[in-house]
A.B. asks: 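Take a look at this one; I'll ask things after.
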Amino acid sequence: MTVSIAEETLNPYKIAQQQVDAAAALLQLPEHVTNILKHPKRVLSVSFPVRMDDGSIRVFEGYRSQHNDAIGPTKGGIRFHPEVTLDEVKALSMWMSFKCGVVGLPYGGGKGGVICDPRTMSKGELERVSRAFMEAIADFVGPDKDIPAPDVYTTPQIMGWMMDTYSRLSGKFSPGVITGKPLIVGGSKGRNEATAQGCVYTILAALKDKGLPVEGATAAIQGFGNAGRIAARLLSEAGCKIVAVSDSKGGIYNAAGLDVELIGQLKDTASIADYGKQYSISNEQLLELDVDILVPAALENVITAVNADRIQAKIIAEAANGPTTPEADRVLAAKGITVIPDVLANAGGVTVSYFEWVQNLMHYYWSEAEVLEKLETNMIQSYVAVRDLAAEHKTDLRTAAYMISIKRIAAAMEARGWI
Ligand code: NAD
């Protein structure tokens with residue numbers, strides 16, 4: 001099936017709404033319930049001045065969206081990226097609600113974003129932007145209201161600055177306001193690896209379901225940050241052969257396998273392109289490689305009606321949020337490709353964020369082994385529930401995942417008398 005790009009929306013908010021419609025139809029959800037779920041409950045738009053290193057004052061814009069808080073406080077990352085838009089943040093907050101629902105966390109979805117490019121900012125500028133954004137949203141967030149976390153181009157250090165600003169404003173140490181913090185100020189063991197680790201648990205389960213051996217399974221990974229880089233390492237440790245990786249500047253490919261550790265060193269000191277010119281490929285080519293496992297771990301809308309037909313992977317594990325459009329989903333399903341949807345595949349991050357928040361509230365901290373054991377149990381149970389529901393309804397994993405979440409959120413709204 002070919003759909004022209006002109007017909008296909010790439011607006012993430014519209015895409016998230018289409019995904020809700022698909023699951024709501026199967027659940028025969030009343031229209032008013034579907035309508036609640038298709039819109040965030042609250043959205044905050046802020047602008048704030050920051051003094052730059054050259055003495056000039058720049059005004060930044062940012063957003064925070066809270067999609068649905070029927071089950072509990074809202075939760076979700078803050079993205080720093082030049083292409084952040086309000087619709088993107090709204091969509092990401094919706095996806096967070098469905099993600100928390102799939103893995104059974106007592107949260108609704110939230111998300112934030114600041115239009116900026118950390119790659120062009122000094123450490124001091126980044127700290128001032130991080131603190132100023134937290135100050136601008138401080139009344140809107142809180143350990144029992146809305147709890148941010150890291151996302152694209154935000155780091156544990158940024159979470160540390162934001163926690164500090166919030167704590168100063170509230171007059172007390174408030175580690176529970178944000179997750180993904182450095183360990184020394186209330187971070188959780190295992191949080192840094194959690195998104196990739198959770199993703200790898202689902203990939204291993206999907207390989208087993210497809211009767212494919214883990215040893216030697218080939219993998220291509222787009223994006224080499226928190227999610228992609230650690231997924232490459234963990235998949236390689238599990239026995240898979242990493243044949244391609246990329247970052248925002250482009251990718252590298254070697255059918256014989258790449259040295260993941262060496263690529264990490266190159267990324268830290270220079271660029272992954274330094275691996276060798278002869279291995280160079282584009283981000284677009286990486287997606288179309290003949291591999292067992294494809295892990296999009298960068299940004300939205302990379303698998304669309306334009307290239308879906310050319311995707312050859314057997315399993316796509318969406319470490320990134322929103323990498324596949326609904327039109328592409330239909331093409332991939334027709335080709336028999338298993339898509340482990342973002343709301344499940346990358347839910348390990350918010351799961352361990354939840355563990356971090358629980359530890360912050362208890363002031364009692366767990367070992368890494370305890371965190372990983374709880375994470376694995378939760379991810380596998382959630383994967384099995386989604387897989388089985390998809391089989392029962394003869395639908396794809398994404399729609400089944402949405403069905404599970406939507407049922408939970410609707411039950412909470414009913415219990416609270418909202419519907
Ligand atoms: P990150 O900032 O650590 O890394 C992002 C990576 O993507 C970098 O390697 C960057 O070079 C690369 N990149 C940026 N633009 C690109 C492009 N156009 N093409 C190819 N690569 C590009 O961010 P992250 O935390 O790894 O987030 C990546 C994805 O994972 C996002 O979709 C995010 O929402 C999702 N995610 C992250 C977490 C988390 O805990 N960090 C949790 C769930 C989902």
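Counting from 1, the numbers follow the sequence of the chain as shown. One-based numbering, in listed order, for ligands and for the atoms of each. As a basis for the values below, the full set of heavy atoms in this structure was taken, side chains included, without hydrogen atoms, waters or symmetry mates.
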A.B. asks: Are a donor atom and an acceptor atom from the side chains of Ser97 and Asn68 found within less than 3.5 Å of each other?
C.D. replies: no
A.B. asks: Checking side-chain polar atoms at under 3.5 Å, does Tyr153 have a donor or acceptor matched by the opposite partner on Arg79?
C.D. replies: no
A.B. asks: Between Lys14 and Asp87, does at least one N-O distance fall below 4.0 Å, as a salt bridge requires?
C.D. replies: no
A.B. asks: From the options Leu299, Val343, Asn321, select the one whose nearest heavy atom is closest to atom 18 (N) of ligand 1.
C.D. replies: Leu299
A.B. asks: Looking just at side-chain N and O atoms, do Asn283 and Gln222 make a donor-acceptor pair shorter than 3.5 Å?
C.D. replies: yes
A.B. asks: So is Lys90 actually on top of Trp95's ring, under 6.0 Å and inside 45° of the axis?
C.D. replies: no
A.B. asks: Run the ring pair (Phe, Tyr, Trp, His ring centres under 6.0 Å) test against Tyr354 and tell me which residues pass, sequence neighbours left out.
C.D. replies: Tyr107
A.B. asks: Return the closest protein heavy atom for atom 21 (N) of ligand 1 as residue, atom name and distance.
C.D. replies: Asp247 C, 3.3 Å
A.B. asks: In this structure, does ligand 1 have an atom that sits under 4.0 Å from one of the heavy atoms of Arg229?
C.D. replies: no
A.B. asks: Just to be sure I read this right, does ligand 1 sit under 4.0 Å from the backbone of Pro323, its side chain, both, or neither, counting only heavy atoms?
C.D. replies: neither
A.B. asks: For ligand 1, indicate whether the residue Ala319 contacts it via side chain, backbone, both or neither (heavy-atom separation under 4.0 Å).
C.D. replies: backbone
A.B. asks: Can you confirm if the aromatic rings of Tyr279 and Tyr253 lie within a centre distance of less than 6.0 Å?
C.D. replies: no
A.B. asks: Could you tell me whether Gln222 and ligand 1 have an N or O pair separated by under 3.5 Å?
C.D. replies: no
A.B. asks: Using a plain distance cutoff, I'd like to know if Tyr153 has any nitrogen or oxygen under 3.5 Å from a nitrogen or oxygen of ligand 1.
C.D. replies: yes
A.B. asks: Indicate yes or no: does Glu318 engage Arg398 in a salt bridge with an N to O separation below 4.0 Å.
C.D. replies: yes
A.B. asks: Counting each atom of ligand 1 from 1 as listed, which ones have a heavy atom of Arg79 under 4.0 Å away?
C.D. replies: 31 (C), 32 (O), 33 (C), 34 (O)
A.B. asks: In terms of side-chain geometry, is the basic nitrogen of Lys210 or Asp292 positioned less than 4.0 Å from the acidic oxygen of its partner?
C.D. replies: no
A.B. asks: Among all protein heavy atoms, pick the one closest to atom 26 (O) of ligand 1 and tell me residue, atom and distance.
C.D. replies: Ala227 N, 2.9 Å
A.B. asks: Of the choices Thr154, Val352, Val152, which has the non-hydrogen atom that lies closest to atom 23 (O) of ligand 1?
C.D. replies: Val152
A.B. asks: Counting non-hydrogen protein atoms only, what is the nearest one to atom 41 (N) of ligand 1? Give residue, atom name and distance.
C.D. replies: Asn226 OD1, 3.4 Å
A.B. asks: Please determine if Lys267 forms a cation-pi arrangement with Phe224, meaning its NZ or CZ atom is less than 6.0 Å from the six-membered ring centre and no more than 45° off the ring axis.
C.D. replies: no
A.B. asks: So is there a nitrogen or oxygen of Gly349 less than 3.5 Å from a nitrogen or oxygen in ligand 1?
C.D. replies: no
A.B. asks: Check Asp396 with Arg330, please: is the shortest side-chain N to carboxylate O separation under 4.0 Å?
C.D. replies: no
A.B. asks: If the cut-off is 4.0 Å to any non-hydrogen atom of Arg191, which atoms of ligand 1 fall inside it?
C.D. replies: 40 (O)
A.B. asks: In terms of residue, atom name and distance, what is the protein heavy atom nearest to atom 4 (O) of ligand 1?
C.D. replies: Gly225 CA, 3.2 Å
A.B. asks: Answer yes or no: is there a donor N or O on one side and an acceptor on the other, between the side chain of Gln381 and the main chain of Asn378, under 3.5 Å?
C.D. replies: no
A.B. asks: Considering only residues two or more places apart or on different chains, which pairs with a residue in residues 234-243 satisfy salt bridge (Lys or Arg N to Asp or Glu O under 4.0 Å)?
C.D. replies: Arg233-Glu237
A.B. asks: How close does the nearest protein non-hydrogen atom get to atom 29 (C) of ligand 1, and which residue and atom is it?
C.D. replies: Ala298 O, 3.2 Å
A.B. asks: Under 4.0 Å from a heavy atom of Asn346: which atoms of ligand 1 are those, numbered in the order shown and with their elements?
C.D. replies: 43 (C), 44 (C)
A.B. asks: Starting from atom 33 (C) of ligand 1, what is the nearest protein heavy atom, named by residue and atom, and what distance separates them?
C.D. replies: Asp151 OD1, 3.3 Å
A.B. asks: Check ligand 1 against Asn283 and write out every atom of the ligand that is under 4.0 Å from a heavy-atom position of the residue.
C.D. replies: 19 (N), 20 (C)
A.B. asks: Tell me: protein heavy atom nearest atom 9 (O) of ligand 1, and distance?
C.D. replies: Phe224 N, 2.9 Å
A.B. asks: Should Ser248 be counted as touching ligand 1, given the test is an N or O pair under 3.5 Å?
C.D. replies: yes
A.B. asks: Do me a favour and list the nearest non-hydrogen protein atom to atom 40 (O) of ligand 1 with residue, atom name and distance?
C.D. replies: Thr195 OG1, 2.7 Å
